[in-house]
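Throughout, numbering of the chain's residues begins at 1 and tracks the sequence. Note that the structure is a prediction, hence the values are computed from the model and not measured.
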Amino acid sequence: MPAEDAAFGSFERKWLEANPEQATVAVFLAPDQRRRASAFGTFVHELEQSTFGVREPQVATVKLNWWRQELVAAAAGTSRHPVARELFDDERARTVPVASWSNLIDGALAQLDVGAASTLEDLISALAAFYRPVASLEAALVAGDAAQDDANARLWSYSHLLHSIGAQPDHERAIPLALLARHGVARSALAEPGSQRTALLRDYLGMMQAEIDAALARAPSASLGRRVRARLDRELATKARDATDPAATLAAHPGQRRWRSLWLSWREARHLARSAPLKKRLK
């Protein structure tokens, strides 16, 4: 294996560890689609780690500004990072305006200044600064209809929130203030299991279920990987809502759903294949 492929492979494995269903999604993609989806997914995962996974805002700012410079270099054919090289080795990525990549970094940097949100809609609006450009780039590179970018961005956002709740239920940006007030729960109380936390999370997960359903209905042309992840997120929200400890269920590794991922990938691939001729006829 060439050194460049091995270097990218180490980053790709981190993406697949966080999103194991994408390994089964890849089975239903053509080779060029598979490579493009993998490069883009790995790239977004790296940005998410820099944006949401770094505690010190100054360090995150440095990392994200470095990515901005790297994207400009990649567009000019002089990239250094193996993920950027893999991504921009694709012709579609090279045709995307540099401003679109810059907008993505701007949206990531904006997340560093966002505090607690009052409502779920406020929370989604704040996340949209980052995930809306992600959805737009995904439509241009992988699949989708630009008219569905808003719904697609919501699917990205709900997935991020479910992961955040599972990793740290008391995270400042994971749960809206209005929900805490409705249940009379202090955010610090979410760090420990209890009846109040369970009731609040069940309420929140019910909201998530409805929101994911609505976004899926509005994004019939979202990429195969995004629709499969959304279906799994919906099922995880349902399972956690019914569990004795919803937070513990959310924290369970998604790799436990491997066979379910395979079946959903097959079903969603058929859905996209059936809808493609219709879209052609409507043009």
Does the pair [X]/[Y] count as a salt bridge with the N-to-O cut at 4.0 Å?
{"X": "E46", "Y": "K14", "value": "yes"}
{"X": "E268", "Y": "R231", "value": "yes"}
{"X": "D233", "Y": "R229", "value": "yes"}

Less than 3.5 Å apart, any donor N or O on the side chain of [X] or [Y] sitting next to an acceptor on the other?
{"X": "R173", "Y": "S164", "value": "no"}
{"X": "T42", "Y": "E12", "value": "no"}
{"X": "Q209", "Y": "R241", "value": "yes"}
{"X": "N152", "Y": "R226", "value": "no"}
{"X": "R202", "Y": "T198", "value": "no"}
{"X": "D122", "Y": "T119", "value": "yes"}
{"X": "Y131", "Y": "E48", "value": "yes"}

If you count heavy atoms of other groups shown closer than 6.0 angstrom to NE2 of H163, is the number above 12? no

Taking [X] for the side chain and [Y] for the main chain, is one N or O donor matched with an acceptor at less than 3.5 Å?
{"X": "R36", "Y": "V142", "result": "no"}
{"X": "R258", "Y": "E21", "result": "no"}
{"X": "T95", "Y": "R92", "result": "yes"}
{"X": "Q148", "Y": "S221", "result": "yes"}
{"X": "N65", "Y": "T61", "result": "yes"}
{"X": "E70", "Y": "H81", "result": "yes"}
{"X": "T51", "Y": "L47", "result": "yes"}
{"X": "T238", "Y": "R234", "result": "yes"}
{"X": "R94", "Y": "D89", "result": "yes"}

Kindly say whether the aromatic ring centers of F11 and H45 come within a distance under 6.0 Å. no

Path from V59 to L64 over hydrophobic side-chain contacts below 4.5 Å: no

Common cluster, F52/V114, ILVMFWY with side-chain heavy-atom separation under 4.5 Å: no

Please report the closest heavy-atom contact between L155 and A215, naming both atoms and the distance. CD2-CB, 3.5 Å

Test of understanding: with ring-ring contact (aromatic ring centres under 6.0 Å, His included), list the residues that count as partners of F43, not counting sequence neighbours. W67, W101

